[in-house]
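Computed from heavy atoms alone, side chains included, the values below leave out hydrogens, waters and symmetry copies. What you see is a predicted model; the values in this text were computed from it and never measured.
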Amino acid sequence: MDQTIYDVFKGLLNNKDMHDVVLKVDGSTIYAHSLVLASSGEFWKQCFYEGKNKDFYSFDSKNNKWTFEISDLSKAHLMDLLEFCYTRVPKLRDDNVVRTFKFCEKFPMEVMKNHCGEFLAKNITENNVMEILQEFKVKSLEEQAFKYLAEDVAPWKKKDLFVGCQDPELITKIIKIEQIGAPELFVFRRLVEYGKDLCKKEGMEENPENLKSVLGDYLPLIRLDLMTRKEFSEISKTMLYTIEQLCDASFKTLSNFDCKKHPISRGPPIIQKERMKILHMSANGQDWCENTKKSIMSTGISQITMINAETQTPTLEEMLKHHVVWVNSCRSFHNPQEVGDRLASFVEAGGSVVICAAHTLRNDNAKWVMQGRLTTGGFLPMSKGALKQGKRSKLGAIIQKEHLIVENVKKFEGGRFSSRILGQPTEGAELIAKWSDGTPLILEKKKGERYGVVVVLNIRPPNSDLDRKYWNKKTDGALMIANAVEYAGGESKLKFD
């Protein structure tokens with residue numbers, strides 16, 4: 001293959017031959033060339049050809065060499081930046097883009113700065129959205145960050161979203177967003193955590209009076225009228241609002257809300273139960289399927305499409321008509337490999353998956369065990385394992401007490417079988433709750449920001465109406481399954497009219 005001029009230039013990077021620029025960084029030396037750097041940004045051009053910015057370098061007139069001390073970037077990040085200068089191919093990642101952007105802003109390199117802005121706009125997450133809004137005064141990037149806050153629930157689930165923010169006006173602007181992709185209670189909780197942090201920094205005791213003092217300008221912005229009765233109860237216990245304020249909000253609209261439904265948000269991003277599209281993929285008998293469908297529909301979920309996975313595997317196109325695929329098996333899948341392959345593609349396209357693990361994730365090659373990329377490609381939050389049943393077990397420790405999947409789940413008894421897989425959380429998975437014997441009960445994992453979530457409920461889905469060996473219908477199994485499906489659907493990136 002013919003070499004381009006950039007291929008030749010790349011070979012000169014950090015090459016002592018003909019160098020006239022020395023960059024000192026992290027105790028190391030990198031060799032570069034003024035001609036290349038000058039063509040990459042106004043800062044370098046001013047140094048080499050206009051004699052400006054002398055505070056940033058020393059010049060050896062005898063050898064005609066410039067020496068720069070670089071403290072704003074690590075050696076690895078500086079090499080990434082220099083490679084762009086020599087090849088015009090940006091090497092941007094989550095771990096280097098922020099510091100590279102700041103470097104290019106301080107030492108003007110407009111082209112690379114634009115590449116950083118484009119990368120950030122496409123890769124905004126709950127972990128960097130506040131930093132982007134505080135640090136980068138770029139209108140297009142700010143618009144994308146606010147759009148993310150308005151449409152995605154993920155940042156609002158981040159406990160310390162506002163903690164450490166040095167810009168009170170920014171907090172106000174965020175809370176005033178007309179549409180927010182989360183229940184109003186989440187906005188309130190993030191604000192309370194911010195208040196606790198402010199109290200700590202001011203050396204103030206963390207109590208209602210002090211919290212009201214530091215949060216005084218923000219509290220009136222919370223839309224109490226959008227909260228359910230259960231949420232309203234949590235708000236009142238904080239003692240951050242007066243009786244008059246609570247009564248006013250209560251009389252306005254709370255009596256019209258059904259507290260059993262999903263918390264109401266300011267706008268359309270949250271998928272309500274009655275609008276969520278669910279594909280129930282079940283390799284089981286008709287009585288099993290009807291029992292599980294009836295159980296989940298009793299909680300308010302309605303749009304469920306049933307697929308008999310014994311006789312067919314839905315196509316990816318069929319899956320993509322739904323927010324979430326709920327899958328389980330006790331009989332043979334039509335094609336276990338296709339099931340795992342297509343579900344992996346569905347998750348990569350933004351769809352979410354809920355798996356009832358008993359039998360489905362056994363560690364053998366039986367036809368009722370899911371195979372394919374979903375099980376081998378790092379998507380599952382729990383490893384496959386042996387099936388354990390025959391010894392009664394129940395809900396044990398709840399690790400994430402505020403997680404939506406365990407909301408209002410107070411009691412769960414697995415019945416005489418208490419079927420579960422002896423798997424372990426995989427790398428990157430989050431354990432939400434355990435069985436009473438310590439076996440994982442509820443787990444989730446999101447492989448990438450653009451992917452849907454995979455939730456594992458380590459149970460068999462039918463209840464004791466079908467057979468007393470299954471989970472006790474008088475406990476909260478139906479709510480747990482419904483919460484899991486609803487949560488997964490809310491994490492789906494797929495949108496429908």
Requested in this report: Taking all heavy atoms of Gly378 and all of Lys445, pick out the closest pair and write down the distance.
Outcome: O-NZ, 2.9 Å
**Report entry** side chain to side chain contact (heavy atoms under 4.5 Å, CB included) partner of Tyr487, the single match among Ile405, Val324, Ile432, Val153
**Finding:** Ile405
**Report entry** No-hydrogen, no-angle side-chain donor-acceptor test under 3.5 Å, Asn284 and Asn328
**Finding:** yes
Query raised in the report: Any side-chain heavy atom of Val406 sitting closer than 4.5 Å to one from Lys401?
Result: no
Query raised in the report: So do Ile421 and Lys384 actually touch side chain to side chain, heavy atoms under 4.5 Å?
Result: no
**Report entry** Centroid-centroid under 6.0 Å between His115 and Phe84 rings
**Finding:** yes
Report summary line: What one should report as the nearest heavy-atom pair of Leu141 and Gly117 is CD1-O, 3.7 Å
Query raised in the report: What distance do Met319 atom CE and Ile307 atom CD1 have between them, rounded to the nearest 0.5 Å?
Result: 9.0 Å
Query raised in the report: Which atom pair, heavy atoms only, marks the closest approach of Gly490 to Met276?
Result: N-CE, 4.3 Å
**Report entry** Distance, nearest 0.5 Å, that separates OG of Ser40 from OH of Tyr86
**Finding:** 8.5 Å
Query - Donor-acceptor side-chain pairing of Glu444 and His403 below 3.5 angstrom - result: yes
Query raised in the report: Should the pair Lys446 and Tyr451 be classed as cation-pi, given the thresholds of under 6.0 Å to the six-membered ring centre and 45° from the axis?
Result: no
Report task. May I ask you to test the Glu407-Leu479 pair for a side-chain heavy-atom distance under 4.5 Å? Result -> no
Query raised in the report: Cation over ring, Arg190 on Phe188, under 6.0 Å and within 45°?
Result: no
Report task. Might you point out which heavy atoms bring Thr100 and Leu81 nearest each other, and give the distance in Å? Result -> CG2-CD1, 4.1 Å
Query raised in the report: Would you say the side chain of Thr305 lies within less than 4.5 Å of the side chain of Glu318, judging by non-hydrogen atoms?
Result: no
Query raised in the report: Does Asp152 pair with Lys493 as a salt bridge, N-O distance under 4.0 Å?
Result: yes
Query raised in the report: Which atoms form the tightest heavy-atom contact between Gly377 and Lys447, and what is the distance?
Result: O-NZ, 2.5 Å
Query raised in the report: Knowing that exactly one of Met130, Glu193, Glu126 qualifies, which makes a side chain to side chain contact (heavy atoms under 4.5 Å, CB included) with Lys158?
Result: Glu126
Requested in this report: Could you point out which residue of Asp341, Val347, Val327 forms a side chain to side chain contact (heavy atoms under 4.5 Å, CB included) with Leu374?
Outcome: Val347
Report task. Any chance you could lay out the side chain to side chain contact (heavy atoms under 4.5 Å, CB included) test for Glu486 and Leu404, step after step, and finish with the verdict? Result -> CA-CA 9 Å; Glu486 184 184 6; Leu404 288 178; over 6 Å; no
Query raised in the report: Are the side chain of Trp156 and the backbone of Leu149 linked by a donor-acceptor contact shorter than 3.5 Å?
Result: yes
Query - Lys473 atom NZ, neighbour heavy-atom count above 12 within 6.0 Å - result: no
Query raised in the report: Is the closest side-chain heavy-atom distance between Phe346 and Leu494 below 4.5 Å?
Result: yes
Report summary line: Closest non-hydrogen atoms of Phe119 and Leu92, given as atom of the first, atom of the second and distance, are CE1-O, 3.5 Å
Report task. With Ile481 as reference, evaluate Asn463, Val354, Ile296, Asp476 under the side chain to side chain contact (heavy atoms under 4.5 Å, CB included) test and give the passing residue. Result -> Ile296
Query raised in the report: If we only count heavy atoms from C-beta on, is the Val98 to Glu131 side-chain gap below 4.5 Å?
Result: yes
Query raised in the report: With no hydrogens and no angle check, is any side-chain donor or acceptor of His323 less than 3.5 Å from a backbone partner on Lys277?
Result: yes
**Report entry** More than 12 heavy atoms of other groups within 6.0 Å of Lys394 NZ
**Finding:** no
Query raised in the report: More than 12 non-hydrogen atoms from neighbouring residues, nucleotides or ligands closer than 6.0 Å to CH2 on Trp368, yes or no?
Result: no
Report task. Would you please test Phe333 and Glu338 for side chain to side chain contact (heavy atoms under 4.5 Å, CB included) and show each step? Result -> CA-CA 9 Å; Phe333 282 117; Glu338 279 186 350; over 6 Å; no
Requested in this report: Give, for atom CZ of Arg460 and atom CH2 of Trp288, the distance between the pair rounded to the nearest 0.5 Å.
Outcome: 5.0 Å
Requested in this report: Without swapping roles, check the side chain of Thr172 against the backbone of Pro168 for a donor-acceptor pair under 3.5 Å.
Outcome: yes
Requested in this report: Take Phe146 and Lys173 through the test side chain to side chain contact (heavy atoms under 4.5 Å, CB included) and record every step on the way to the result.
Outcome: CA-CA 10 Å; Phe146 273 98; Lys173 190 175 180 181; 3.6 Å; yes
Report task. Identify whether the distance between the nearest side-chain nitrogen and carboxylate oxygen of Arg392 and Glu413 falls below 4.0 Å. Result -> no
Requested in this report: For the pair Ile459 and Met480, evaluate side chain to side chain contact (heavy atoms under 4.5 Å, CB included) and give the outcome as yes or no after the intermediate values.
Outcome: CA-CA 11 Å; Ile459 63 170; Met480 182 172 68; 4.2 Å; yes
Query raised in the report: How many angstroms lie between atom CG of Asn363 and atom CG of Leu422, to the nearest 0.5 angstrom?
Result: 9.0 Å
Query raised in the report: Is the Tyr194 ring parallel, tilted or perpendicular to the Tyr218 ring (thresholds 30°, 60°)?
Result: perpendicular
**Report entry** Expected output: side-chain Trp471 to main-chain Pro461 donor-acceptor under 3.5 Å
**Finding:** yes
Report task. Kindly check if the number of other-residue, nucleotide or ligand heavy atoms within 6.0 Å of NZ (Lys434) is above 12? Result -> no
Report task. Indicate yes or no: does Lys147 engage Glu151 in a salt bridge with an N to O separation below 4.0 Å. Result -> yes
Query - Between CG on residue Asn123 and CD on residue Glu449, distance to nearest 0.5 Å - result: 8.5 Å
Query - Side chain Arg342, main chain Thr313, donor-acceptor under 3.5 Å - result: yes
Report task. For the residue pair Ile355 and Met382, establish whether any side-chain heavy-atom pair is separated by less than 4.5 Å. Result -> no
Query raised in the report: With a 4.5 Å heavy-atom cut-off, do Thr125 and Asn128 have their side chains touching?
Result: yes
Requested in this report: Ignoring hydrogens and angles, state whether a donor on the side chain of Ser329 or Thr360 is under 3.5 Å from an acceptor on the partner side chain.
Outcome: yes
Query raised in the report: Do you know which of Leu191, Leu185, Leu215 makes side chain to side chain contact (heavy atoms under 4.5 Å, CB included) with Ile222?
Result: Leu191
Query raised in the report: To the nearest 0.5 Å, what is the distance between OG (Ser418) and CD (Gln389)?
Result: 9.5 Å
Report task. Verify whether one side chain among Arg99 and Ser74 offers a donor that lies under 3.5 Å from an acceptor in the other. Result -> no
Requested in this report: Determine yes or no for a side-chain-to-main-chain donor-acceptor pair under 3.5 angstrom, with Gln179 supplying the side chain and Ile177 the backbone.
Outcome: no
Query raised in the report: Does Pro440 offer a backbone N or O that forms a donor-acceptor pair with the side chain of Asn458 under 3.5 Å?
Result: yes
Query raised in the report: Do you know which of Asp197, Leu170, Ile171 makes side chain to side chain contact (heavy atoms under 4.5 Å, CB included) with Phe162?
Result: Ile171
Query raised in the report: Would Lys391 and Asp437 pass as an ion pair if we require N to O under 4.0 Å?
Result: no
**Report entry** Donor-acceptor side-chain pairing of His334 and Asn308 below 3.5 angstrom
**Finding:** no
